[in-house]
Amino acid sequence: SLGIGVLKTDIVTGASNHDRRFCELFCIDPELRSGTTADWTKNLTPASQELVRAETRNVLMGKDSFSHTLEVIASGGVRFVRSRGTVLKD
């Protein structure tokens, strides 16, 4: 189903803020989130975790957008989440 979640991350501090729908998509308990990228990457498959690390390196090297499919480990198996974004710099 179509679901749009919002994630904002400060690449320097690692602080992460995401809305309720993002929590649902990435199997995050909103009451237990710590406000870091670990909140949502911990439920990814190892391959998807590596993809996120690679995309983070690309952003640090100047890439300004991304588009990929992540595999989220959910209670019923693996969920595929399409992730697209634009990098905004201060």
Side-chain angles (χ1 to χ4, degrees):
S1 73
L2 178 63
I4 298 173
V6 176
L7 167 69
K8 296 179 184 178
T9 300
D10 184 322
I11 205 91
V12 174
T13 66
S16 182
N17 185 9
H18 29 272
D19 66 4
R20 187 181 75 228
R21 183 63 182 136
F22 186 92
C23 289
E24 292 169 0
L25 289 167
F26 285 86
C27 303
I28 302 166
D29 182 340
E31 300 301 318
L32 300 177
R33 63 185 174 189
S34 65
T36 67
T37 55
D39 287 338
W40 64 276
T41 57
K42 68 182 176 187
N43 294 331
L44 298 178
T45 63
S48 288
Q49 288 178 6
E50 179 52 39
L51 179 58
V52 169
R53 285 190 289 272
E55 284 294 344
T56 301
R57 287 190 297 271
N58 290 339
V59 165
L60 292 171
M61 298 297 291
K63 188 175 178 185
D64 62 0
S65 65
F66 59 88
S67 179
H68 48 256
T69 300
L70 299 173
E71 298 171 320
V72 180
I73 300 168
S75 60
V78 175
R79 173 184 299 164
F80 297 90
V81 176
R82 184 79 177 143
S83 178
R84 290 182 282 204
T86 300
V87 178
L88 303 175
K89 301 172 186 168
D90 289 339

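We number each residue from 1, following the sequence as shown.
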Check your understanding: Would Val72 and Leu25 count as a side-chain contact (heavy atoms from CB on, under 4.5 Å) if you check the C-alpha gap in whole Å, the side-chain angles of each, and the deciding distance to 0.1 Å?
Key -> CA-CA 8 Å; Val72 180; Leu25 289 167; over 6 Å; no
**Study point:** Trace of the side-chain contact (heavy atoms from CB on, under 4.5 Å) decision for Leu44 with Ile73
**Key:** CA-CA 6 Å; Leu44 298 178; Ile73 300 168; over 6 Å; no
Practice item. State, yes or no, whether a side-chain contact exists between Val81 and Trp40 at a heavy-atom distance under 4.5 Å. Key: no
Review point. Do the side chains of Arg84 and Phe66 get nearer than 4.5 Å, heavy atoms only?
Key: no
Check your understanding: Do Phe22 and Ile28 have side-chain heavy atoms sitting under 4.5 Å apart?
Key -> yes
**Study point:** Inter-residue atom distance Asp10.CG - Asn17.CG, 0.5 Å rounding
**Key:** 11.5 Å
Practice item. Compare all side-chain heavy atoms of Cys27 with those of Arg79 and state whether any distance is below 4.5 angstrom. Key: yes
Review point. So how far is it from Thr41 OG1 to Leu51 CG, rounded to the nearest 0.5 Å?
Key: 12.0 Å
Review point. Quick one: CG on Asn58 to CG on Asp64, what's the gap to the nearest 0.5 Å?
Key: 11.5 Å
Exercise for review: Please name the pair of heavy atoms, one in Thr36 and one in His18, separated by the smallest distance, quoted to 0.1 Å.
Suggested key: O-CE1, 4.5 Å
Check your understanding: What pairs with Thr69 under side chain to side chain donor-acceptor pair (under 3.5 Å), at least two apart in sequence or on another chain?
Key -> Arg82
Check your understanding: What's the spacing between Ser48 OG and Asn43 CG if we round to 0.5 Å?
Key -> 11.5 Å
Study note, to complete from the structure: Nearest heavy-atom contact between Asp19 and Gly5 is OD1-CA, 3.5 Å
Check your understanding: If you measure from CZ on Arg21 to CG on Leu7, what distance do you get to the nearest 0.5 Å?
Key -> 14.5 Å
Review point. Taking NZ, NE, NH1 and NH2 as the nitrogens, is one of them in Glu50 or Arg57 under 4.0 Å from a carboxylate oxygen of the other?
Key: yes
Practice item. Mind checking the CZ-CG spacing from Phe26 to Asp39? Nearest 0.5 Å is all I need. Key: 12.0 Å
